[in-house]
S.K.: 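Below are the structure tokens for one structure; questions will follow.
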2 protein chains.
Amino acid sequence: MTGQVRTVDGRVAGRRGQATRQKLLDCLREMLDTSPYRDVKVIDVARMAGTSPATFYQYFQDVESAILEIANDMAKDGQRLKTLAEDQNWAGKGGFAAAEALADGFLEFWRDYEPILRVVDLASAEGDKRFYKVRQKILTAVTGSLTEAIENMQAKGKVGDEVQPNAMAGTLVAMLAAVAGHQKGFESWNIKMKDVRPALSTLVFMGVTGKKPPTR
Amino acid sequence: MTGQVRTVDGRVAGRRGQATRQKLLDCLREMLDTSPYRDVKVIDVARMAGTSPATFYQYFQDVESAILEIANDMAKDGQRLKTLAEDQNWAGKGGFAAAEALADGFLEFWRDYEPILRVVDLASAEGDKRFYKVRQKILTAVTGSLTEAIENMQAKGKVGDEVQPNAMAGTLVAMLAAVAGHQKGFESWNIKMKDVRPALSTLVFMGVTGKKPPTR
DNA sequence: GCAGAAATCTGACGATCAGTCAGATCGGGT
DNA sequence: ACCCGATCTGACTGATCGTCAGATTTCTGC
């Protein structure tokens, strides 16, 4: 399934090689936690991993390729978000609970991978196809599930069809991702995440069902 | 009002100096349009401006400071967004029109300044206070206006107060900014901006008023 | 346990860029 | 024409990039 780990010149990496490679990835990830993306240098990563820059280039084309590698792992983990939007009953109180769970899922996922997601966001906005694809992989599944949900609501005639299900779903997902990505920003802005959570859930619920959430 | 333009060592720049400085900023901006942020080099900017790297350092501490300068100008222009959310009547059809205008304002503003806003977003997410302040300056005014609007709606008793006005306003603004910042992404995703616009407006309207938008 | 082979690592190098400074150049005022 | 402050730049040091040939480590068959 997953292709074997290979060095830049195509050789298959053995036990030792995989270990150093992983160590480099770990150090890179730690580096991104603490330094601005622009300031992450190969030489620092190598030093932190107790190896030489030349070794880094044995396993990765450049820093971006290495980050892409981390991002791909992340994308696998990201498939859990999809299950939160899939096959839910969006009506009534259960629907609102689903919206809350979805919001929580995004908030948590972004908390886990914040620095990587920052870079993925930037690079895909800059037009890098490889990063765009990763972002896609994470978000597209959720968007698809939400689209279906909205289509169902519209089919039942409960919601007007002035809004394209696809566009609404994409917008909601973008919103969730954006808010999740600026959690620290919100906090230092005098807005508590405790208050943002209901706002997010409410908007998701309203976007999907077209109704106010049930009072409880 | 605006402090005089100064060189790094504190001298006030004259006519000629201001011209080269501006030229450097223009070239930097053009550079950001075409190259990834991480790959923008002082030497390239200087070359494009027909001057030497040393001249660049006469006017700017580093690349970031120069971008910050551009970002500050942008923030001034961004005050037009505030007027779109301010003193609006959010009820009924007029309210929906206001929501549409606000969405359009964001979409257009982001289209004008996309590459700069990308960097501002990244840097402020990375914890750079200076960039955070710029981002704040643009978004805080809009958030404030929206907060007031929601508070008014709640005061009239038309909307439940399960949701903090501040948090809802912040969430809506984050959504607007996110969608505006991924316009190209949406397009290449089979979602047309023409369809996103109503989705955005609908969510803004529902977020502020708590109701479905009027059918028309 | 050992020789040979394969895998892995690294020192060293040329190229590029960051950032600084002293001195060259420019341009307006007299 | 001359002066003087403003402006620009060549040239330099130090850091990083990215590559390669050769050194070192690990594995394999015996």
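This structure is a prediction, so every number in the text was calculated from the model and none was measured. First the proteins, then the strands, lettered A, B, ... as listed; each starts at 1.
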S.K.: Quick one: list whatever passes salt bridge (charged side-chain N to carboxylate O under 4.0 Å, His left out) with A:R135, sequence neighbours left out.
M.R.: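 A:R135 satisfies salt bridge (charged side-chain N to carboxylate O under 4.0 Å, His left out) with A:D121 only.
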S.K.: Mind checking B:T7 for me? I need base, sugar-phosphate or nothing, with any heavy atom below 4.0 Å counting as a touch.
M.R.: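 Here B:T7 touches no strand at all.
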S.K.: Report the distance from atom CG of B:D39 to atom C1' of D:dT16, rounded to the nearest whole Å.
M.R.: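 For the pair B:D39 CG and D:dT16 C1', the rounded distance is 14 Å.
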S.K.: Mind checking if B:Y59 touches a base, just sugar-phosphate, or nothing, with heavy atoms under 4.0 Å?
M.R.: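 Counting heavy atoms under 4.0 Å across all strands, the contact made by B:Y59 is with sugar-phosphate only.
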S.K.: Rounded to the Å, how far apart are A:L24 CG and D:dG18 P?
M.R.: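 Rounded to the whole Å, the gap is 15 Å.
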S.K.: Quick one: A:D9 CG to C:dA7 C1', roughly how many Å, whole number?
M.R.: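 The answer, rounded to whole Å, is 11 Å.
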S.K.: Among residues at least two apart in sequence or on other chains, which ones pass salt bridge (charged side-chain N to carboxylate O under 4.0 Å, His left out) with B:R80?
M.R.: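 Partners of B:R80 under the salt bridge (charged side-chain N to carboxylate O under 4.0 Å, His left out) test: B:D77, B:E108, B:D112.
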S.K.: Any salt bridge linking B:E114 with B:K184? Criterion: basic side-chain nitrogen under 4.0 Å from a carboxylate oxygen.
M.R.: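 Salt bridge present between B:E114 and B:K184.
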S.K.: Applying side chain to side chain donor-acceptor pair (under 3.5 Å), can you list everything that pairs with B:S35, at least two apart in sequence or on another chain?
M.R.: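 Once residues adjacent in sequence are excluded, B:S35 has no partner under the side chain to side chain donor-acceptor pair (under 3.5 Å) criterion.
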S.K.: For the residue pair A:F56 and A:F60, does the interplanar ring angle fall in the parallel (under 30°), tilted (30 to 60°) or perpendicular (over 60°) class?
M.R.: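 Ring orientation of A:F56 relative to A:F60: tilted.
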S.K.: First locate atom OH of A:Y57, then atom CG of A:D9, and finally report the distance between them rounded to the nearest 0.5 Å.
M.R.: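 A:Y57 OH to A:D9 CG: 15.5 Å, rounded to 0.5 Å.
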S.K.: For A:F60 and D:dC17, give me the distance from atom CZ to atom C1', rounded to whole Å.
M.R.: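 Taking CZ of A:F60 and C1' of D:dC17, I get 17 Å after rounding.
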S.K.: Provide, to the nearest angstrom, the distance between the CZ atom belonging to A:R21 and the C1' atom belonging to C:dC9.
M.R.: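 Nearest whole value for this atom pair: 16 Å.
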S.K.: Which whole-number value in Å describes the distance from A:M31 CE to D:dT16 P?
M.R.: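 Distance, rounded to whole Å: 11 Å.
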S.K.: Residues in side-chain contact (heavy atoms from CB on, under 4.5 Å) with A:E64, at least two apart?
M.R.: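 For A:E64 the side-chain contact (heavy atoms from CB on, under 4.5 Å) partners, ignoring immediate neighbours, are A:Y37, A:D62, A:D128, A:R130, A:F131.
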S.K.: Rounded to the nearest Å, what distance is computed from the CZ atom of residue B:R11 to the C1' atom of nucleotide D:dC4?
M.R.: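 About 13 Å, once rounded to whole Å.
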S.K.: Looking at B:T55, does any N or O in its side chain come under 4.0 Å of the phosphate oxygens OP1/OP2 on D:dT9?
M.R.: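 For D:dT9, OP1/OP2 do have a side-chain N/O of B:T55 under 4.0 Å.
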S.K.: Rounded to the nearest angstrom, tell me the gap between atom CZ in B:R6 and atom P in D:dT7.
M.R.: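 It works out to 12 Å between those atoms.
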S.K.: Has A:T20 got a side-chain N or O lying under 4.0 Å from the OP1 or OP2 atom of C:dC9?
M.R.: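 Answer is yes, contact under 4.0 Å.
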S.K.: How long is the gap from CG on B:L24 to CE on B:M31, to the nearest 0.5 Å?
M.R.: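 Between atom CG of B:L24 and atom CE of B:M31 there are 12.5 Å.
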S.K.: Fit a plane to each ring of B:W110 and B:F106, take the angle between them on a 0 to 90° scale, and name the class: parallel (under 30°), tilted (30 to 60°) or perpendicular (over 60°).
M.R.: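 Judged by the thresholds at 30° and 60°, the geometry between B:W110 and B:F106 is parallel.
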S.K.: Report each atom pair, protein N/O against N/O of nucleotides 12-20 of chain C, whose distance is under 3.5 angstrom.
M.R.:
unit_1 : atom_1 : unit_2 : atom_2 : d
C:dA18 : OP1    : B:V42  : N      : 3.1
C:dA18 : OP2    : B:I43  : N      : 3.2
C:dG19 : OP2    : B:Y57  : OH     : 2.9

S.K.: Please encode protein proximity along nucleotides 22-30 of chain D as a string of B, S and -, counting only heavy-atom distances under 4.0 Å.
M.R.: ---BSS---
